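A, B, ... follow the sequence lines: proteins, then strands. Residue 1 opens every chain. The structure presented is a predicted model; accordingly, all values stated were derived computationally and were not measured.
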Amino acid sequence: MSKKGSFTKRVLQEVVKIPLGYTVTYKEIAARAGNPKAARAVGNILKHNRWVFFIPCHRVIKSSGDIGGYALGKKLKRELIIFEQKIKNMLK
DNA sequence: TGGTTCGATTTGA
DNA sequence: TCAAATCGAACCA
């Protein structure tokens with residue numbers, strides 16, 4: 001229990017690397033972190049992470065393409081994703 | 001400190 | 001559609 005778990009840090013690191021207007025699935029993050037089966041843990045980490053202000057949790061969604069959830073509100077998450085996709089389209 | 005339960009999930013039958 | 005698996009963190013004694 002005393003272990004901090006490098007997996008947590010790894011997950012956060014990967015989430016931060018997510019480009020603008022790009023969404024990643026929990027499984028993808030888990031896989032990048034080293035544990036493809038830790039998709040649930042990813043959501044749990046994002047929910048209780050202490051770097052929530054530095055991590056775009058709204059870019060992480062379910063593999064089904066649906067919005068999993070969001071600590072600040074699922075509705076806000078959807079809006080943010082659409083907004084970022086819009087920006088991406090504009091830059092494009 | 002140690003053990004148990006839950007969660008923003010995923011996958012298989 | 002339902003249930004099991006699996007990882008991290010919170011909760012309780």
Can you tell me how far P of dT9(B) sits from CG of Leu46(A), to the nearest Å?
11 Å

Atom-pair distance (NZ on Lys27(A); P on dC7(C)), nearest Å:
14 Å

Report the nucleotide, chosen from dA9(C), dG8(C), dA8(B), that has the shortest atom-to-atom distance to any side-chain atom of Ala71(A).
dA8(B)

What is the separation between atom CG on Asp66(A) and atom C1' on dT10(B), rounded to the nearest whole Å?
14 Å

Let me have the donor-acceptor pairs involving side chains of residues 16-45 of chain A, under 3.5 Å, with sequence neighbours excluded, atom names and distances please.
residue  : atom : partner  : partner atom : Å
Thr25(A) : OG1  : Glu28(A) : N            : 3.2

With heavy atoms under 4.0 Å as the rule, sort Lys47(A) into base, sugar-phosphate or nothing.
base

Whenever both distances are under 3.5 Å in a Watson-Crick or G-U wobble pair, mark it; put DNA chain C into dot-bracket that way, with [ ] for crossing pairs and | when the partner is on another strand.
|||||.|||||||

In residues 28-40 of chain A, what residues come within less than 4.0 Å of DNA chain C, judged by heavy atoms?
Asn35(A), Lys37(A), Ala38(A), Arg40(A)

Which whole-number value in Å describes the distance from Lys9(A) NZ to dG8(C) C1'?
16 Å

Check the distance between dG8(C)'s C1' and Asn44(A)'s CG and give it to me in whole angstrom.
6 Å

Gln13(A) CD to dG8(C) P, in whole Å, measures 17 Å

Does dA9(C) have OP1 or OP2 sitting under 4.0 Å from an N or O in the side chain of Thr8(A)?
yes

Euclidean distance, Ile55(A) CD1 relative to Leu12(A) CG, rounded to 0.5 Å:
3.5 Å

Answer with base, sugar-phosphate or nothing: what part of the nucleic acid does Ile45(A) contact at a heavy-atom distance below 4.0 Å?
sugar-phosphate

Can you hop from Ile61(A) to Val11(A) via hydrophobic side chains spaced under 4.5 Å?
no

Taken in chain and number order and not counting sequence neighbours, the residues that satisfy side-chain contact (heavy atoms from CB on, under 4.5 Å) with Val52(A) are Asn49(A), Cys57(A)

Heavy atoms within less than 4.0 Å of DNA chain B: which residues of residues 74-83 of chain A have one? Give them sorted by number.
none

Side-chain donor-acceptor pairs of residues 69-89 of chain A under 3.5 Å, sequence neighbours excluded:
residue  : atom : partner  : partner atom : Å
Lys77(A) : NZ   : Val60(A) : O            : 2.4
Lys77(A) : NZ   : Gly69(A) : O            : 2.9
Glu84(A) : OE1  : Arg59(A) : NE           : 2.8
Glu84(A) : OE2  : His58(A) : NE2          : 2.9
Glu84(A) : OE2  : Arg59(A) : NE           : 3.4
Glu84(A) : OE2  : Arg59(A) : NH2          : 3.1

